[in-house]
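Computed from a predicted structure; not experimentally measured. When a ligand or atom number is given, it counts from 1 through the structure's own listing order.
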Amino acid sequence: MAGGYPEVQFYERELNIRRVIEECDLQRLDQALNICDLSSVERKLRLWQQLLPRIKPFYAVKCNDDPMVVRLLAELGAGFDCASKNEVKLVLGFGVPPERIIFANPCRPVSHLEYAKEHQVSNGTVDNEFEVYKLHTHYPNSNLIVRFKSEAKEAQCPLGDKFGCDADVDAAALMLLAKSLDLKVTGTSFHVGSGCSELEAYDRAIKKAKNLFKFGALLGYDMDFLDIGGGFPGSDDGKFGKIAESVNTSVQRHFPNERVHIIAEPGRFFVAAACTLVCKIHAKREIRNEAGKLDTVMYYLNDGVYGSFNCILYDHQVVTAEHYLDDADSLPQLKSLIWGPSCDALDKISEDLHLPNLNRGDLLGFRNMGAYTMPIASPFNGFEVPKTLYFQAI
Ligand SMILES: Cc1ncc(COP(=O)(O)O)c(C=O)c1O
């Protein structure tokens with residue numbers, strides 16, 4: 001611990017997981033380890049600034065609330081999307097001014113609203129009339145950002161069933177209600193769905209936002225805040241480049257006026273690729289067919305779907321494993337089924353892998369494990385959640 005924070009280890013050029021395993025002697029540990037590359041988060045921010053210069057990223061804390069990640073992004077000047085009072089508290093604790101926070105949960109408990117009011121976190125989303133009345137009572141001078149629904153045709157985790165009002169009819173009704181209550185509507189927001197796979201989704205949504213800005217102007221609102229949500233890929237920078245191009249074209253067409261502040265709420269974009277989970281095989285079993293021939297090797301790891309691999313259940317992630325055997329290319333690849341450590345048969349990590357015949361004590365690494373993993377992990381059955389080791393390029 002340095003100054004109350006965990007220690008950061010430094011590397012040159014590229015973070016090599018094999019070297020980390022050797023140098024940190026991970027082999028001796030029984031607990032799974034999360035290797036977090038803070039420089040990867042910083043590189044993502046630079047990439048964002050290069051490809052989407054007009055759009056300010058407000059990191060979605062829910063995706064990975066690791067204080068080291070949040071602190072780094074705070075120091076680098078990012079904004080933050082918070083879903084709860086505790087997330088707001090965490091971000092404010094790193095000295096982030098309230099203007100760099102959006103409270104982007106359209107349904108907030110009163111105590112959370114009161115906390116936001118007390119700390120002047122005035123930008124918040126809203127998508128139904130009950131919340132408009134709630135804001136009227138508890139935070140009437142806040143900025144209402146109307147969240148409408150505009151989903152991608154394909155996304156890893158669609159969000160539209162839960163949040164976002166209809167953009168054609170209900171959004172206008174909400175704005176009229178806000179006007180009648182003398183509340184300020186300052187902008188709009190949407191989320192095309194997390195892990196969006198449709199390039200055109202952002203353009204379609206930005207067009208709807210433009211119509212709502214026009215309607216707002218008719219009501220006398222001077223709207224100047226556009227929030228294009230999250231959905232950006234975490235481990236495919238090529239795809240991100242294409243989305244960025246489409247978003248830039250769309251905002252240029254629909255919001256050419258620079259007085260409109262444009263933000264986004266990227267979560268997985270920043271952190272997915274930053275973490276590699278290293279697990280140990282603590283047990284194995286061989287499954288043979290009736291002729292006695294080996295069919296499948298089953299491995300039991302020290303982390304599972306109740307720990308960091310909850311992303312398989314909740315975030316629909318498909319994970320791939322890498323082993324660290326030397327000269328393994330010549331070894332036969334066997335059908336392998338990987339289980340987590342608990343006594344629950346739902347605790348299955350993967351059944352579609354082909355790996356060489358591994359032994360108890362061997363390590364397996366899982367890349368791209370930084371998004372929607374650690375904040376949700378629980379020590380079910382008494383198996384501890386992984387410890388994180390932090391690294392940074394010199
Ligand atoms: C309101 C809101 N903003 C942003 C995000 C982050 O999305 P992503 O990780 O796809 O960028 C989420 C994810 O659930 C969300 O609900």
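Only side-chain heavy atoms of Tyr372 come within less than 4.0 Å of ligand 1; its backbone N, CA, C and O stay farther off. Contact annotation: for Asp81 versus ligand 1, heavy atoms closer than 4.0 Å belong to the side chain alone.
Ser194 OG, 2.6 Å is the protein heavy atom nearest to atom 10 (O) of ligand 1. Of the protein's heavy atoms, Glu265 OE1, 2.5 Å lies nearest to atom 3 (N) of ligand 1. In this structure, atom 12 (C) of ligand 1 lies nearest to the protein heavy atom His191 NE2, 3.4 Å.
Annotation: Phe190 is in aromatic contact with Phe148 [ring centroid separation under 6.0 Å]. Checked against the 6.0 Å centroid threshold, Phe269 and Phe240 count as a close aromatic pair.
Considering only non-hydrogen atoms, atom 15 (C) of ligand 1 lies nearest to Lys62 out of Lys62, Lys162, Arg147. Of the listed residues (Gly267, Ala272, Cys63), the one carrying the non-hydrogen atom nearest atom 11 (O) of ligand 1 is Gly267.
Counting the atoms of ligand 1 from 1 in the order shown, those under 4.0 Å from a heavy atom of Pro266 are 11 (O). Less than 4.0 angstrom separates some heavy atom of Ala60 from each of these atoms of ligand 1: 4 (C), 5 (C), 6 (C). Close contacts of ligand 1 with Ala104, meaning ligand atoms under 4.0 Å from a residue heavy atom, involve 1 (C). Near Gly231, with a cut-off below 4.0 Å to any heavy atom, the atoms of ligand 1 are 7 (O), 8 (P), 10 (O), 11 (O).
Between Asp237 and Lys44 a salt bridge is recorded (basic side-chain N to carboxylate O distance below 4.0 Å). Using a 4.0 Å cut-off between a side-chain N of Lys or Arg and a carboxylate O of Asp or Glu, Asp236 and Lys242 do not qualify as a salt bridge. For Glu131 and Lys134, the salt-bridge test passes: some basic side-chain N is under 4.0 Å from an acidic carboxylate O. Ion pairing between a basic and an acidic side chain is recognised when a charged N comes within 4.0 Å of a carboxylate O; Glu87 and Lys62 show no such pairing.
For a threshold of 3.5 Å applied to N or O pairs, the pair formed by Gly229 and ligand 1 contains no separation below that value.
No continuous path of ILVMFWY side-chain contacts below 4.5 Å connects Val278 to Met369, so the two sit in separate hydrophobic clusters.
Thr188 OG1 to Met223 CE: the interatomic distance, rounded to the nearest 0.5 Å, is 5.5 Å.
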